[in-house]
Colleague: 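Supplied in structure tokens, the structure appears directly below.
Please read these numbers as outputs of a predicted model, since none were measured by experiment. Start at 1 and go down the list; that is how both ligands and their atoms are numbered.
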Amino acid sequence: MGEILRVRGGRPLEGTVRLPSAKNSVLPILAAAMLADGPVVVRNVPDLADVRASVAILRALGLTVRRRGPDLHLLPAAVPGWQLPEAPARTMRSSVFYLAPVLHRAHRVRMPLPGGCKLGPRPIDIHLDGLCRMGARAACEGDWLELRAPGRLRGIDYTLRLPSVGATETLVMAAALAQGDTVLRNAAREPEIQDLAEFLNRCGARIEGAGSPVIRVQGKAALHGARHQPIPDRIVAATVAAAVAGCGGSVTLLGTGQDPLGPVAGVLERAGCHTDHPAAESWRVQRQGSLRGVGLVRTGVWPGFSTDAAPVVAGGLLAAQGDTVLEDTVFEDRFACAEGFALLGGQVCRRGRVLAMHGPARLHGARVRAADLRGGAGLVVAALSAGGESVVEGAEYVRRGYADLAGLFRDLGGVIQSETQR
Ligand code: UD1
């Protein structure tokens, strides 16, 4: 049984979207909740496939997890488990976030090597190297990984080989309860790392510099519970904005905190969109005139153009007049969606990390297949701007990062249904 999204494209999008909490904040924060000795409430948690997998892992590790409306309530485990349940752990990359919290709780952790989107090689050497320098010992048996740390992890002064988002988060979690102080250098600076640090600080941790390349953590003996509202999802924001670029119309994004579009706004402006900030906590994207290619866009670590936004922006600019060339510097296989773009009528050429698009292209309905989460969303965005009916197969990938993408676009006037196929 597979899930499909059936799209009738060609209509402008109009209306307002309240952005959900960011998936990339929620997933590490749920794992970090294990570090607290008291109850944790994470607010406005979207019902994503990866959130369900995280809840299954937390319950298997002994926590009590309840959904109350949009919020998740977590109570600590009486006897913490140390082995991650295989099925949910294998479905997502974010199972790696459990290494540090389970090590702290149980002094031992065993998990299958993490799964997730196939975007090229995704090693976890920096997570492991950092944890081992803090006193853990790691061993691999087949594709299972086991770490042990008989005593408390120790604070370190550590320079990451590259600014990995996930490894920075693993090491911040490890440092929060380590003995002594930690300095992380060449740390990733993504807003979701600041959000994780803010959550842990609410629990009593002492983390400074998150959002900069040097993070300093004073290890604490224990953390208490807290309530936390994660930041809005900037990739959902980019997806909606890219769809407005492709379809035309005017959509307002509602969310707290900093501009959720960041560097994506500049690229969409170059393409002929207008973006503004009409009121506090609201950002508007409009496209009335023609759509232009934007030339070369390279993805990069924050504050660069997000790799996750690249396929959705490509979907929105597929029909644009002129050239757009997207180069992903983070992952090798980001543009598996290129084949689907071509079936929808896009003039695309993909070479390794580079996706080149030439227009104007006359997009039409087609049957296409998602190969990963953001590529799948990019195909949906392109299908919304194509004339006629399209079917996007493999929509279960899309559900990993969007609770109800069809419902979100229907509310904006898009014609799109989610269906299960036998
Ligand atoms: C996170 C995001 C993902 C986003 C990515 C880059 C979450 C849950 N996921 O993924 O949506 O696309 O950041 O912004 O937050 N690397 C190593 N060794 C390591 C770790 C990473 O070589 O130990 C490499 C990876 O293979 C990749 C690059 O570093 O080429 C960036 O990966 P990383 O920043 O770790 O991404 P994730 O944390 O997996």
Colleague: Is it the case that atom CZ in R216 sees more than 12 heavy atoms from other parts of the structure closer than 6.0 Å?
Modeller: no
Colleague: Cation-pi check, R110 to W144: give yes when NZ or CZ is under 6.0 Å from the six-membered ring centre and within 45° of the ring axis, no otherwise.
Modeller: yes
Colleague: Give every residue pair that meets the salt bridge (Lys or Arg N to Asp or Glu O under 4.0 Å) criterion with at least one member in residues 172-192, sequence neighbours excluded.
Modeller: D157-R185, E192-R234
Colleague: Does ligand 1 have a heavy atom under 4.0 Å from the side chain of V165, from its backbone, from both, or from neither?
Modeller: both
Colleague: Residue-level breakdown please: for W302 versus ligand 1, do any non-hydrogen atoms fall below 4.0 Å on the side chain, on the backbone, on both, or on neither?
Modeller: neither
Colleague: At under 4.0 Å between heavy atoms, is it the side chain or the backbone of A167 that contacts ligand 1, or both, or neither?
Modeller: neither
Colleague: For T307, counting its heavy atoms only, list the atoms of ligand 1 lying under 4.0 Å from any of them.
Modeller: 6 (C), 12 (O), 14 (O)
Colleague: My understanding is that only residues two or more places apart in sequence, or in another chain, count here; which of them pass side chain to side chain donor-acceptor pair (under 3.5 Å) with D404?
Modeller: none
Colleague: Hey, is L162 touching ligand 1 through its side chain, its backbone, both or neither, going by heavy atoms under 4.0 Å?
Modeller: side chain
Colleague: What heavy-atom pair brings L184 and T168 nearest, and what distance separates the two atoms?
Modeller: CD1-O, 4.2 Å
Colleague: Counting both backbone and side chain atoms, is some N or O of V330 under 3.5 Å from an N or O of ligand 1?
Modeller: yes
Colleague: Can E146 and R148 be counted as an ion pair, charged N to O under 4.0 angstrom?
Modeller: yes
Colleague: Is it true that atom CD of E339 has more than 12 heavy atoms of other residues, nucleotides or ligands lying nearer than 6.0 Å?
Modeller: no
Colleague: With a heavy-atom distance limit of 4.0 Å, tell me whether D125 approaches ligand 1 through its side chain, its backbone, both, or neither.
Modeller: both
Colleague: Would you check the N or O atoms of D308, main chain and side chain alike, for any that come under 3.5 Å of an N or O of ligand 1?
Modeller: yes
Colleague: What do we get for H127 next to ligand 1 when only non-hydrogen atoms under 4.0 Å count, side chain, backbone, both or neither?
Modeller: both
Colleague: Side chain, backbone, both or neither: which part of R334 has a heavy atom under 4.0 Å from ligand 1?
Modeller: side chain
Colleague: Using a strict cut-off of 4.0 Å, indicate which atoms of ligand 1 neighbour a heavy atom of I124.
Modeller: 19 (C), 23 (O)
Colleague: Looking at R137, I want to see if its CZ is surrounded by more than 12 non-hydrogen atoms of other residues, nucleotides or ligands under 6.0 Å.
Modeller: no
Colleague: Would you check the N or O atoms of S94, main chain and side chain alike, for any that come under 3.5 Å of an N or O of ligand 1?
Modeller: no
Colleague: S164 to ligand 1: N or O pair under 3.5 Å?
Modeller: yes
Colleague: Using a cut-off of 6.0 Å, state whether more than 12 heavy atoms not belonging to R18 lie near its atom CZ.
Modeller: no
Colleague: Evaluate side chain to side chain donor-acceptor pair (under 3.5 Å) for Y402 paired with D233, printing each intermediate quantity in order.
Modeller: CA-CA 10 Å; Y402 304 84; D233 197 314; over 6 Å; no
Colleague: Is there a heavy atom of R161 sitting under 4.0 angstrom from any atom of ligand 1?
Modeller: yes
Colleague: Answer yes or no: does an N/O atom from L27 fall short of 3.5 Å to an N/O atom of ligand 1?
Modeller: no
Colleague: Do ligand 1 and G166 have nitrogen or oxygen atoms that lie under 3.5 Å from each other?
Modeller: yes
Colleague: Counting only heavy atoms, which portion of R93 has something under 4.0 Å from ligand 1: side chain, backbone, both, or neither?
Modeller: side chain
Colleague: Okay, side chain of H277, backbone of S282: is any donor-acceptor separation there less than 3.5 Å?
Modeller: yes
